[in-house]
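A quick write-up on the structure given underneath.
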Amino acid sequence: DWFRESIYNNWVYAIPALSPYKGPLDWLKMIGFPFLAFFTKNSLQAQFISLFFIGYLWTAFKNRKLLLLYPLLVLANNRVLSPGAVYYQGFHLLLWLGLMILVFSFCFKKLNKPIKIVFLIWTAILFLNKNMPYFQKTDEANEYYINYSTIEDMNFAIKNFSNPDDRLAVLDNQPLIYWQTKTKPATRQLVYYGWESQVKDLRENYQKVFFGEDPPEIIYGGKEASLMAKKYINLQRDNKATLLFVRKDRYEEITPEQWAALETRRFNR
């Protein structure tokens with residue numbers, strides 16, 4: 001099971017579908033990735049990468065054996081094509097960045113004192129850049145509201161009207177709903193990505209769960225519009241559609257007390 005799920009399915013289905021490398025130019029970008037930092041404008045991250053990489057090159061050209069570290073840098077990045085990538089793509093760059101910083105730290109020790117001073121001044125300038133995160137002020141309450149309030153309201157609704165035996169299926173990328181609502185997963189997968197429909201056992205389980213005689217009582221996600229229209233009722237919020245669907249028979253069982261609780265989060269019939 002571990003080999004099938006973690007190795008085979010990922011190697012055969014997931015990686016080809018999710019890989020950003022679609023042509024020879026993309027593979028060249030991967031091989032020459034740190035060089036791209038010199039040409040990536042308006043990116044503080046790219047400037048740091050340039051600092052680390054120049055320190056490595058300066059030392060490597062004096063000690064050619066250090067050039068053998070470059071293939072390790074190439075192999076450490078298998079998802080990101082731009083040194084300026086942050087957030088989701090930047091997350092996948094963390095391994096490469098860690099290795100690049102380690103290589104730079106090793107090379108820094110071999111630099112002579114005047115060159116070390118130059119790199120230290122360069123580093124200080126970057127750390128004092130006004131775009132560094134610790135210089136930016138954020139309204140934490142507003143950020144929390146933007147990023148979490150909607151899904152927390154969905155969790156609140158499910159926890160208030162669901163029964164202990166109700167099953168939940170999540171078709172959107174929100175697997176935390178399972179744990180936060182303490183509902184039973186209806187499917188073997190916590191979320192569904194496009195490539196998973198190519199895997200026979202996952203496809204068969206999906207068809208059985210959603211198109212069998214007893215589909216889940218609760219679904220979160222906007223896929224399978226025809227199924228939703230036929231067997232489910234969309235829970236409304238502020239008289240607008242949400243991604244939360246309740247099977248028609250279960251929707252009719254929501255009590256007045258439960259509706260009163262839902263209305264505190266602006267859900268309406």
Side-chain angles (χ1 to χ4, degrees), residues 1-33 71-83 85-100 147-148 151 154-155 158 162 165-228 230-232 243-245 247:
D1 288 344
W2 175 83
F3 179 83
R4 183 184 70 251
E5 299 289 344
S6 299
I7 304 299
Y8 183 82
N9 285 352
N10 274 292
W11 185 265
V12 176
Y13 301 106
I15 292 176
L18 300 175
S19 173
Y21 307 112
K22 307 302 181 184
L25 180 60
D26 291 335
W27 288 101
L28 288 176
K29 287 181 179 178
M30 179 183 70
I31 295 172
F33 180 79
L72 293 178
L73 290 172
V74 173
L75 294 173
N77 175 27
N78 62 5
R79 290 285 292 269
V80 185
L81 294 177
S82 171
V86 293
Y87 298 110
Y88 179 76
Q89 286 294 320
F91 164 79
H92 291 288
L93 191 60
L94 286 177
L95 177 63
W96 185 90
L97 281 171
L99 183 59
M100 183 73 261
N147 290 290
Y148 300 106
I151 199 63
M154 299 299 158
N155 295 335
I158 294 172
S162 62
D165 293 330
D166 285 345
R167 297 157 298 158
L168 169 68
V170 176
L171 297 180
D172 203 43
N173 193 12
Q174 292 288 354
L176 287 177
I177 292 180
Y178 289 113
W179 288 276
Q180 292 172 336
T181 61
K182 301 186 184 301
T183 47
K184 296 180 180 180
T187 61
R188 59 169 292 178
Q189 296 296 100
L190 296 182
V191 294
Y192 279 90
Y193 298 105
W195 61 267
E196 294 183 12
S197 61
Q198 303 176 54
V199 184
K200 181 181 178 182
D201 55 335
L202 298 184
R203 182 174 65 251
E204 290 177 348
N205 175 257
Y206 184 94
Q207 293 293 325
K208 180 181 178 180
V209 169
F210 293 103
F211 300 100
E213 297 180 357
D214 188 28
E217 288 79 9
I218 309 166
I219 294 178
Y220 182 84
K223 299 178 182 177
E224 305 299 347
S226 60
L227 172 67
M228 303 300 185
K230 183 178 179 181
K231 296 187 176 182
Y232 291 81
L243 293 177
L244 186 57
F245 296 83
R247 206 173 63 191

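Keep in mind the model is a prediction, meaning the values are calculated, not measured.
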NZ (Lys223) with more than 12 external heavy atoms under 6.0 Å: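 Check passes, neighbour count above 12.
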Over 12 foreign heavy atoms within 6.0 Å of CZ, Phe91: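 Result for CZ/Phe91: open.
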Under 4.5 Å between any side-chain heavy atoms of [X] and [Y], yes or no?
X	Y	value
Ser162	Thr181	no
Asp172	Val191	no
Phe210	Thr187	yes
Val170	Pro175	no
Tyr220	Ile151	yes
Met30	Phe33	no
Asp26	Lys29	yes
Val80	Trp96	no

Tyr206 and Glu224: side chain donor to acceptor below 3.5 Å: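 Indeed, the side chains of Tyr206 and Glu224 share at least one donor-acceptor pair under 3.5 Å.
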Reported [atom1]-to-[atom2] distance for the pair [X] and [Y], which is rounded to 0.5 angstrom:
X	Y	atom1	atom2	value
Leu81	Arg79	CG	CZ	10.5 Å
Ile158	Asp166	CD1	CG	10.0 Å
Leu171	Tyr192	CG	OH	8.0 Å
Arg188	Glu196	CZ	CD	9.0 Å
Leu94	Asn77	CG	CG	11.0 Å
Asp214	Lys208	CG	NZ	11.0 Å

Stepwise side chain to side chain contact (heavy atoms under 4.5 Å, CB included) test for Ile7 and Trp2: CA-CA 7 Å; Ile7 304 299; Trp2 175 83; 3.8 Å; yes
Among Leu18, Val199, Leu202, the one residue meeting side chain to side chain contact (heavy atoms under 4.5 Å, CB included) with Tyr13: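 Among the candidates, only Val199 passes.
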The single option from Arg247, Lys231, Met228 passing side chain to side chain contact (heavy atoms under 4.5 Å, CB included) against Ile219: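 Filter result, single survivor: Met228.
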Minimum heavy-atom separation for [X] to [Y], with atom names?
X	Y	result
Ala76	Leu95	O-CD2, 3.9 Å
Leu190	Tyr178	O-CE1, 3.2 Å
Asn9	Trp195	O-CZ3, 4.1 Å
Ile31	Val74	O-CG2, 3.7 Å

Under 3.5 Å: donor-acceptor pair, side chain of Arg167, backbone of Lys184: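 Answer holds: no.
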Any donor-acceptor N/O pair, Asn205 side chain to Asp201 backbone, under 3.5 Å: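 Between the backbone of Asp201 and the side chain of Asn205 there is no qualifying donor-acceptor contact (under 3.5 Å).
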